[in-house]
Q: 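Below you'll find the structure I mean.
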There are 2 protein chains.
Amino acid sequence: MLNYTLRQLEYFVAAADRGSVARAAERLNVSQPSVSNAIAKLEDQLGVQLFIRQHAQGVSLTPTGRRLHMEARDLLRHAEDLFDSAHSANSAITGELSLGCFVTLGPLFMPALVTLFTQHHPAVTIRLREAIQDDLINGLVNGEFDLALLYDLNLPDAVESKPLARFAPYILLPEAHRLSGAGDISLTDIADEPFVLLDVPPSRGYFLGLFEAAGLQPNVIFSSPSLEMVRGLVGQSVGYSLLVTRPRGDLTYDGLRLVTRPLSEATQESTVCMARLAKSRPTRLMDAFDNFCQTWFSEHYGDG
Amino acid sequence: MLNYTLRQLEYFVAAADRGSVARAAERLNVSQPSVSNAIAKLEDQLGVQLFIRQHAQGVSLTPTGRRLHMEARDLLRHAEDLFDSAHSANSAITGELSLGCFVTLGPLFMPALVTLFTQHHPAVTIRLREAIQDDLINGLVNGEFDLALLYDLNLPDAVESKPLARFAPYILLPEAHRLSGAGDISLTDIADEPFVLLDVPPSRGYFLGLFEAAGLQPNVIFSSPSLEMVRGLVGQSVGYSLLVTRPRGDLTYDGLRLVTRPLSEATQESTVCMARLAKSRPTRLMDAFDNFCQTWFSEHYGDG
DNA sequence: ATCCTGGATAGTATATTCCTATTCAATGTA
DNA sequence: TACATTGAATAGGAATATACTATCCAGGAT
């Protein structure tokens, strides 16, 4: 248990720098006895003599004091660094941002967001991890993530979220599918066909809920937690799929062409949002990224 | 002006290490509210949130807190290093000893003293500087030296000295001098001959004082602040000299042989002593060197 | 001798830190 | 659903540390 204080060190260094207790006190805007006292205590607690008191002409360092003077200056610098680093986490847009992201949203949005943001704020490093909803929420709650990009589904009260964009679900078909030329497609039209389910919470429940709401039972022939696996299977005409996340390209990894069609049913849209721990105080960096995402999404997905 | 304390940092780190305020308190032998309070203040003063309070299961770090945890541990280690370094200046025989030494005494005693002492205490480094009496005293007073080896002449009250050995003055003659075969020599026998004076304070005054006490006036033909210069001149038969410091060899630098003869007058002996600043508190290293010199001198020059 | 400079000390008010006791929110369990 | 348990936060009060003003004291300067 350390028994001396940074304050004592500050006063000691100030006095050593100026060779005078009174001058140090003046500089520090405290009274002369305060400095005198602090130094006396420090000498006592460290068990060494730091100064030789030269009556009427200030103080001069003992050899031991001279060595300690250097070390104390170092330590104070170190302490200020820590303070700055803590403080700048809150006052400047620098430092590290720990970000979580729902798996399917990751490759679609994060490359652009991260690249643009760090272009505006080069002093920022972003640590990104993809995870499923539950892990994202846990990550927020236990402090693994500062922020998380996820769907506004089943969020507990502990996390607070701001919507960024809304996305309507759509039907994904192989190019050769009989309905690939249709305008929009009703769930009833297709419910009997083999369905490839994107099986990752909370999406799974959301998709199945859409069928349920229409009084239908999907014919799940395959399920995978990987979006690209689902697209690949649809490309191979294993079945159709129902998705929200919409990659720009229409090719699967193995080069087959896909077609998307809107649902004719008026369905509940999915909301992508930025979440953070409700009770935690956001850093300025967090706010900055939050705002940045807000504008980026409104520019690119302004009307849902 | 730093507004957080090492104590706060200690409590914070302890709590972060254990993921629990209560456990930290237990470990630190303080009450739980003390730790809680310290952390709350630290968060306030640094302006960041360090912990997420997980009700009924301790606390977990925010990403910012995690970064600060590392830095705080570093800083505490640094602070302990400083404490150790200060403390060990007083509790272990390590560190640096700043030593002053009267010019003529240097080559005679210091090589052996320094070598032997650092053999016993390998962790010690000795910084040695030779100077004349006034500079030694100033050096002690203004903190340049921890200790000084010098003659017990004209010492102000500010420095405290312990005698190490007494040396009687002697006459130095060239080998070919008419009195080189004599048993002892009176100042009266030789006062008219040319005298080579070792001209360095306080020796100068001491030597001249010896003549004065005998009611004699020396015939100073040459004076030099260098002992070897004086010996060389005497070797060349420029004159005789009166000295206290007694090198072992009887050859000058240029290879001429010298002879020493005791004074027949009962004279005041010169005392070599170890001096330090009276009001300063000695470190253990200083004490150790002091004692070491005490025994070394009593072994080698036990009877004066 | 006398004044001036500059650190130490005395006495006191205020802030901080600590303690114990209690409260409060969340968890896990009958 | 109630109830004990866990673990942090808060309240209130005692002890400690830190700050201040006023004064003292030793050593240089005049």
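Numbered from 1 within each chain, the chains take letters A, B, ... in sequence-line order. No experiment lies behind these values; they were computed from the predicted model shown.
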Q: Is the distance from OP1 or OP2 of D:dA8 to the nearest side-chain N or O of B:Tyr11 less than 4.0 Å?
A: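 No, no such contact exists.
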Q: Set out, in order, the CA-CA distance, both residues' side-chain angles and the distance that settles side-chain contact (heavy atoms from CB on, under 4.5 Å) for B:Arg7 and A:Met1, then state yes or no.
A: CA-CA 8 Å; B:Arg7 183 62 44 89; A:Met1 191 103 112; 4.1 Å; yes
Q: Which part of the nucleic acid, if any, lies within reach of A:Phe51 when heavy atoms closer than 4.0 Å are counted: base, sugar-phosphate only, or nothing?
A: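 Nothing, no heavy atom under 4.0 Å.
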Q: Under the side chain to side chain donor-acceptor pair (under 3.5 Å) definition, can you give me all pairs with a residue in residues 125-137 of chain A, not counting sequence neighbours?
A: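 Qualifying pairs: A:Arg129-A:Glu144.
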Q: Listing time: all N or O pairs from protein to nucleotides 28-30 of chain D that are below 3.5 Å?
A:
none

Q: Check A:Leu277 against A:Leu140 and note the closest heavy-atom contact, atom names and distance.
A: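 In this case the closest contact between A:Leu277 and A:Leu140 is CD2-O, 3.6 Å.
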Q: Residues of residues 14-38 of chain B with any non-hydrogen atom less than 4.0 angstrom from an atom of DNA chain D: list those, numerically ordered, please.
A: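 B:Ser20, B:Val21, B:Ala22, B:Gln32, B:Pro33, B:Ser36, in order of number.
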Q: What range of DNA chain C does chain A touch, first nucleotide to last, counting atoms under 4.0 Å from its heavy atoms?
A: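 First-to-last contact on DNA chain C, by the 4.0 Å heavy-atom rule, is C:dT5 to C:dT9.
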Q: Output all residues satisfying side chain to side chain donor-acceptor pair (under 3.5 Å) with B:Glu43, sequence neighbours left out; order by chain, then residue number.
A: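 So B:Glu43 forms a side chain to side chain donor-acceptor pair (under 3.5 Å) with B:Arg53.
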Q: Looking only at heavy atoms, which two atoms of B:Leu136 and B:Cys101 are closest? And how far apart?
A: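 Looking at all heavy atoms of both residues, the closest pair is CD2-N, 3.3 Å.
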Q: Just jot down the salt bridge (Lys or Arg N to Asp or Glu O under 4.0 Å) partners of B:Asp81, sequence neighbours excluded, or say none.
A: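 Result, salt bridge (Lys or Arg N to Asp or Glu O under 4.0 Å) vs B:Asp81: none returned.
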Q: Round to a whole Å and report the spacing from CD of A:Gln8 to P of D:dT16.
A: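 Distance, rounded to whole Å: 17 Å.
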Q: Do you know which two heavy atoms are closest between B:Ala79 and A:Tyr4, and how far apart they sit?
A: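 Nearest pair, atom of B:Ala79 first, then A:Tyr4: O-OH, 2.7 Å.
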Q: What's the shortest heavy-atom distance between B:Asp146 and B:Arg276, and which atoms?
A: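 Shortest heavy-atom contact: O-CB, 3.7 Å.
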Q: Indicate the atoms forming the closest heavy-atom contact of B:Leu28 with B:Val35, along with that distance.
A: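 Here B:Leu28 and B:Val35 meet closest at CD1-CG2, 4.3 Å.
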Q: Kindly check if the number of other-residue, nucleotide or ligand heavy atoms within 6.0 Å of CZ (B:Arg23) is above 12?
A: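 Not buried by this count: 12 neighbours or fewer within 6.0 Å.
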Q: By nearest heavy atom, map B:Arg53 and A:Lys41 onto DNA chain D; which one lands nearer the 5' end?
A: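 Its nucleotide being nearer the 5' end, the pick is B:Arg53.
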